[in-house]
Amino acid sequence: MAAKLSWPSPVLALLLIAGMVDNTRARDVAVYWGQNGNEGTLADTCNSGSYTYVLISFLSTFGNGLTPALNLAGHCNPSAGGCTGLTSDIQACQSHGIKVLLSLGGGGGDYDLSSSDDANNLARYLWDNFLGGTGSSSRPLGAAVLDGIDFDVENGDPAHYDDLANALRAKGQMLLTTAPMCRYSYPASIVALQFDVVWVQFFMIPSHRGQSGYAVAKPGKRRFVSLSSDG
């Protein structure tokens, strides 16, 4: 059984204040799903009507010669092919207009990108196993095609994530989002990427003073503030 990563309980919800960039909606909400046994199924989460984005969490092992590994705590066992049944849940979420993304990293796990080649290899893996690629016969979440990739990089060296994002962009159309922490600055190279959606984390952090180096949203896209669901 996969270990539960370090995340607050109950399940972390992000309050996304959209008026900063796009006034078409007063509020959107995203949720990281996969690290809390009490959060219900993915279908339950989408059927609640509370969320615009669901971030499947996490691909917590990757890079530096490691075999990429998905960790969904007690929900299912990816290594035994036990998460392919999520395909129907993912497709049901998408049928309701909910964007479903895979989140990379998290507060635990073992991940790092050692070079641009490492980043390109991970981009190929993500494209073939979770996105629109066809180069894998053993997709961990089944045949469902996710809407994009979320960067929740909290550990290790942030180098080469710009290479990863650029390699993903070159593969095809997808959302790229990021949740930079108040204490953890991206280098200038990734700031320049201009993600589709940015939700800055202001929780689980001793000091909430801002730092330079946050990723920025593309012009006309969205920048959000994120809050913990348990205050």
Under 3.5 Å: donor-acceptor pair, side chain of Arg124, backbone of Ala119 = no

ask   = Are Leu101 and Leu175 side-chain neighbours, meaning at least one heavy-atom pair lies under 4.5 Å?
value = yes

task = Report the C-alpha distance between Gln35 and His75 in whole Å, list the side-chain angles of each, state the deciding distance to 0.1 Å, and finish with yes or no for side chain to side chain contact (heavy atoms under 4.5 Å, CB included).
result = CA-CA 8 Å; Gln35 290 299 308; His75 286 286; over 6 Å; no

query = Just by distance, do the side chain of Ser136 and the backbone of Asn129 share a donor-acceptor pair under 3.5 Å?
reply = no

task = Verify the distance criterion only: is there a donor paired with an acceptor across the side chains of Asn77 and Ser79 at less than 3.5 Å?
result = yes

query = Is Arg169 salt-bridged to Asp196, going by a charged N under 4.0 Å from an acidic O?
reply = yes

ask   = Any donor and acceptor pair, going by atom type alone, linking the side chain of Asp118 with main-chain N or O of Asn64 inside 3.5 Å?
value = yes

message = Would the distance check show the side chain of Trp33 and the main-chain N or O of Leu72 forming a donor-acceptor pair, the cut-off being under 3.5 Å?
response = no

Min side-chain heavy-atom separation Pro140-Thr84 under 4.5 Å = no

message = Given Tyr111, which partner from the list Leu104, Leu66, Val153, Thr61 fulfils the side-chain contact (heavy atoms from CB on, under 4.5 Å) test?
response = Val153

query = Short question: side chain of His96, backbone of Thr52 - any donor-acceptor pair under 3.5 Å?
reply = no

key: Steps toward side chain to side chain contact (heavy atoms under 4.5 Å, CB included) verdict (Val197, Tyr53)   = CA-CA 11 Å; Val197 186; Tyr53 303 87; 3.9 Å; yes

task = Please step through side chain to side chain contact (heavy atoms under 4.5 Å, CB included) for the pair Leu126 and Leu102, ending with a clear verdict.
result = CA-CA 9 Å; Leu126 294 171; Leu102 175 66; 3.9 Å; yes

inquiry  = Would you call the rings of Phe130 and Tyr125 parallel, tilted or perpendicular, taking 30° and 60° as the class edges?
reply    = perpendicular

key: Thr177 and Asp150 side chains, donor-acceptor separation under 3.5 Å   = yes

ask   = Ser103 and Asp152: side-chain donor and acceptor closer than 3.5 Å?
value = no

ask   = Between Phe151 and Phe195, how do the two ring planes meet: parallel, tilted or perpendicular, split at 30° and 60°?
value = perpendicular

task = I would like to know whether Leu141 and Ile90 meet side chain to side chain contact (heavy atoms under 4.5 Å, CB included); could you show each step before the answer?
result = CA-CA 9 Å; Leu141 300 177; Ile90 293 167; 4.1 Å; yes

inquiry  = Nearest 0.5 Å, please: how far is CG in Asn71 from OG in Ser60?
reply    = 4.5 Å

ask   = Under a 4.5 Å cut-off applied to non-hydrogen side-chain atoms, are Gln94 and Lys99 in contact?
value = no

query = Going by atom types alone, do Thr41 and Asp44 pair a side-chain donor with an acceptor below 3.5 Å?
reply = yes

ask   = Any donor-acceptor pair under 3.5 Å linking the side chain of Ser57 with the backbone of Leu55?
value = yes

